[in-house]
Amino acid sequence: MLTVLHALEAQLRAAMERAFPDAAAAAQAAGQPLDPQLAPASKPEFGDFQANGALPLAKPLGQPPRAIATAIVEQLAADPAFLQLCDVPQIAGPGFINLTLRPERLEAELQARLGDPRLGVPRVDAAGAARPLPPVIVDFSSPNIAKEMHVGHLRSTIIGDALARVLEFRGHPVLRLNHVGDWGTQFGMLITHLKQVAPEALTTADAVDLGDLVAFYRQAKARFDDDEAFQTSSREEVVKLQGGDPVSLKAWGLLCDQSRREFQKIYDRLDIRLSERGESFYNPYLEGVVADLDASGLLVTDDGARCVFLEGVTGKDGKPLPVIVQKSDGGFNYATTDLAAIRYRFGAVPDGDGARRVIYVTDAGQASHFAGVFQVARRAGWIPAGARLEHVPFGLVQGEDGKKLKTRAGDTVRLRDLLDEAVERAEADLRRRLAEEDRSEDEAFIVQVATTVGLAAVKYADLSTNRITNYQFSFDRMLALTGNTAPYLLYAVVRIAGIARKAGADSEAGAVHFSEPQEWALVRELLKLDGVIAEVEEELLPNRLCTYLFELSQVFNRFYDQVPVLKAEEPASSWAWGCWAFPPWSGCDGRGVVAAVPHAPGPPHAPATP
RNA sequence: GGGGCUGUAGCUCAGCCGGAUAGAGCGACGGUUUCCUAAACCGUAGGUCGUGGGUUCGAGUCCCGCCAGCCCCGCCA
């Protein structure tokens, strides 16, 4: 209902200007035009919208706020365009103006959305964009080569994907970049170690399996930490690799391929698409970064390292902290890579991505790192005017004890194991309930449901809380059938699909007309989607969308509980089962709005034959 | 020492640009129900919004101080 909201806002502003022309002119001159402060009503009994703009005028105008509100309402009541949208406004409390949309207006809004695959959400490129829009980059997931994906990658992967889906749904070209750790010192260590203990791994694909590779990596790291000779040869190995030595490159390529296939299994299970563009991609640009910083006078050599000192960020001694872009041994580090990535991503095609919004989905612990890197990039002039560069932080995954999530043995939890357990638990729970109710289903159904529910539960639990806080991981809570959980949402989806199937509904709903209170509740809820999507696109908070979907599910359940749509003879509720064509569940089958919404089984778009 | 984030019901969490009596869910207690479904719906109880100041017509929200927890702080990523 954003278009309605904007129309009302303009009408309210005009009404205020007519009611108080002097104050309006003064406000305009002061650069603070009168603001109607229009917002969705805080409670249903207040109508659809509320305008709070009369209250702040009380003092400057020297009038009681209710009198001001009355004057504004009188102007609105004289505006035919306004009266087409709303009933005559009510003044309540200290001077709130409550607006209620006219029923026929709501019906028209809903009618326009039935059968609309975009659910009333406009595309950003809708207004005849001649040129293609610049891409939005979402940098997420980013595991390290030669390691398995673990619980530490969970949030970035899920949140990043959800944000990418929302942006894509709005019509942005989105580059989903997997900034994998495929370069640097760690590779030197691993290759050096493998040369000595398993040289075949460096020349033959899949000579060792990934689990062994992970073990080798740990050994290499341990050696690196307390063996100087090993450190030296590791560093030499990095230099060879970065210098393009064919043997090193081949070994590197094999290791990457192997890891990549393992990552892909996880992404496939979670239905997540990513374009791999690892750290190595930026290798050719690292020197240019340093040269550029040098040319712009930002570069300082300190203690042999080349760095940029930050403004407004000081260390223990009160002196500015540096971002080191070239180590005293001449090597580059991750800050250099991150700077090269920023420069490339905002850079013009074909030597860059030409992006105007770049989003990093990483844990909150990296906030100061990104703040530093972003500052350097800004001062270096690599961020075009009007472009957005955003770190989207999220909190830690904690166990139910409030500590960092670990296995019972104290190890890092592998993502694969975590997903397996979610599915296993979902299956056990389903079998238990089937047995309790003495129902039987075929095995394929059980496996299907368990997989859907288990994976959706993991995703949804992560997305449904505000990402900035630490997140307490609990299989029991995420798999609960009630409350703000994936199983509850999926139940609503299945229920809607079931009714549609039973009704043999086709989506050719005729003119809609509502009577029941629960119908109106549903209509109003359905019309909120465009506002929610706009908010998520701006704030990058997927939990807002989850809250909406949960509330929508509740309204649907209430509706089906209280309105016997399949029994109704009157067409009053006939559109209701047609709603299956509408709701944002289209995300359920992974094609639509968000990953927030779990993978549903047979999408209602293809109803099974009764 | 510096910086960041967090602190809201027993538990897990929402709370948008400052706006009306601070909201959900779970758990507890009580009730209703099933056309459809991978069971729901309704009600009751439960609050010093960490704390002390300040700004404002109005503060959970903005500013300052303090307390607690977590995280980060030069050549790892």
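To find a chain, count down the sequence lines: A is the first, B the second, and so on, and within it residues start at 1. The shown structure was predicted, so the numbers you read here are calculated from the model rather than taken from an experiment.
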[atom1] gap between [N] and [M], integer Å:
N      : M      : atom1 : result
B/rC66 : B/rA20 : P     : 31 Å
B/rA40 : B/rG25 : C1'   : 15 Å
B/rC75 : B/rG69 : P     : 28 Å
B/rC13 : B/rU32 : P     : 35 Å
B/rG31 : B/rC70 : P     : 45 Å
B/rA45 : B/rG7  : C1'   : 25 Å
B/rC35 : B/rG18 : C1'   : 47 Å
B/rU12 : B/rU8  : P     : 9 Å

Heavy atoms under 4.0 Å, any strand shown: does [X] hit a base, just sugar-phosphate, or nothing?
X        : answer
A/Arg439 : sugar-phosphate
A/Glu535 : base
A/Leu541 : nothing

Taking ring-ring contact (aromatic ring centres under 6.0 Å, His included) as the definition, give me every residue that meets it alongside A/Phe230, ordered by chain and number, with sequence neighbours left out.
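Here no residue qualifies.
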Closest non-hydrogen atom pair, A/Pro36 against A/Arg13
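Closest approach of A/Pro36 to A/Arg13, heavy atoms only: CD-NH2, 3.6 Å.
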Where A/Ala457 and A/Leu479 come nearest, the two heavy atoms and their spacing:
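Reported closest heavy-atom pair: CB-CD2, 3.6 Å.
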Taking side chain as C-beta onward, heavy atoms only, is A/Phe20 less than 4.5 Å from A/Ile68?
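Contact flag for A/Phe20/A/Ile68 side chains = yes.
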Should [X] and [Y] count as an ion pair when the cut-off is N to O under 4.0 Å?
X        : Y        : value
A/Arg431 : A/Glu443 : yes
A/Arg524 : A/Asp48  : yes
A/Asp225 : A/Lys221 : yes
A/Arg432 : A/Asp429 : yes

Which atom pairs link the protein and nucleotides 24-32 of chain B when you take only N or O atoms and keep those under 3.5 Å?
none

Protein proximity profile, nucleotides 17-23 of chain B - base contact B, sugar-phosphate-only contact S, no contact -, cut-off 4.0 Å on heavy atoms:
S-BBS-S
Going 5' to 3' through nucleotides 71-77 of chain B, assign each nucleotide B (protein heavy atom under 4.0 Å from a base atom), S (under 4.0 Å only from sugar-phosphate atoms) or - (no protein heavy atom that close).
SSSBBSB
Tell me the interatomic distance from A/Met478, atom CE, to B/rA38, atom P, rounded to whole angstroms.
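Atom CE in A/Met478 sits about 23 Å away from atom P in B/rA38.
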Length of the line joining A/Phe370:CZ and B/rC5:C1', which is rounded to integer Å
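Interatomic distance, CZ of A/Phe370 to C1' of B/rC5: 16 Å.
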Please confirm whether the shortest side-chain N or O distance from [X] to OP1 or OP2 of [N] is below 4.0 Å.
X        : N      : result
A/Asn466 : B/rU6  : no
A/Gln472 : B/rU12 : yes
A/Tyr460 : B/rC13 : no

Assert yes or no for the condition that the ring centre distance of A/His179 to A/Tyr334 is strictly below 6.0 Å.
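Ring centroids of A/His179 and A/Tyr334 are no less than 6.0 Å from each other.
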Just checking A/Phe96 against A/Phe46, ring centres under 6.0 Å apart?
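Ring centroids of A/Phe96 and A/Phe46 are no less than 6.0 Å from each other.
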Students often mix this up, so state it plainly: with edges at 30° and 60°, are the rings of A/Phe187 and A/Trp252 parallel, tilted or perpendicular?
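It falls in the perpendicular class, over 60°.
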Please verify the inter-ring angle class for A/Tyr471 with A/Phe473; under 30° counts as parallel, over 60° as perpendicular, anything in between as tilted.
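A/Tyr471 vs A/Phe473 ring planes: perpendicular.
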I want to confirm an ordering. Mapping A/Gln518 and A/Arg495 to their closest nucleotides on RNA chain B, which one lands closer to the 5' end?
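Its nucleotide being nearer the 5' end, the pick is A/Arg495.
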Other residues, nucleotides and ligands only: do more than 12 of their heavy atoms fall within 6.0 Å of CD on A/Gln375?
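Atom CD in A/Gln375 is packed in, count exceeds 12.
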Counting heavy atoms from C-beta on, name the nucleotide in B/rU6, B/rC57, B/rC35 closest to the side chain of A/Thr469.
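For the A/Thr469 side chain, the nearest candidate turns out to be B/rU6.
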Report the C-alpha separation of A/Gln448 and A/Thr452 in whole Å, then their side-chain angles, then the decisive distance to 0.1 Å, and conclude whether the side chain to side chain donor-acceptor pair (under 3.5 Å) test is met.
CA-CA 6 Å; A/Gln448 218 274 53; A/Thr452 302; 3.0 Å; yes
Return a table of donor-acceptor pairs under 3.5 angstrom between the side chains of residues 318-332 of chain A and protein atoms on other chains or two or more places apart.
{"from": "A/Gln326", "atom 1": "NE2", "to": "A/Gly330", "atom 2": "O", "distance (Å)": "2.9"}
{"from": "A/Asp329", "atom 1": "OD1", "to": "A/Gly331", "atom 2": "N", "distance (Å)": "2.8"}

Note every stem involving RNA chain B: at least three consecutive Watson-Crick or G-U wobble pairs, i with j then i+1 with j-1, with both distances under 3.5 Å.
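When the pairs of RNA chain B are grouped into runs of at least three, the stems are B:1-7 with B:67-73, B:10-13 with B:23-26, B:28-32 with B:40-44, B:50-54 with B:62-66.
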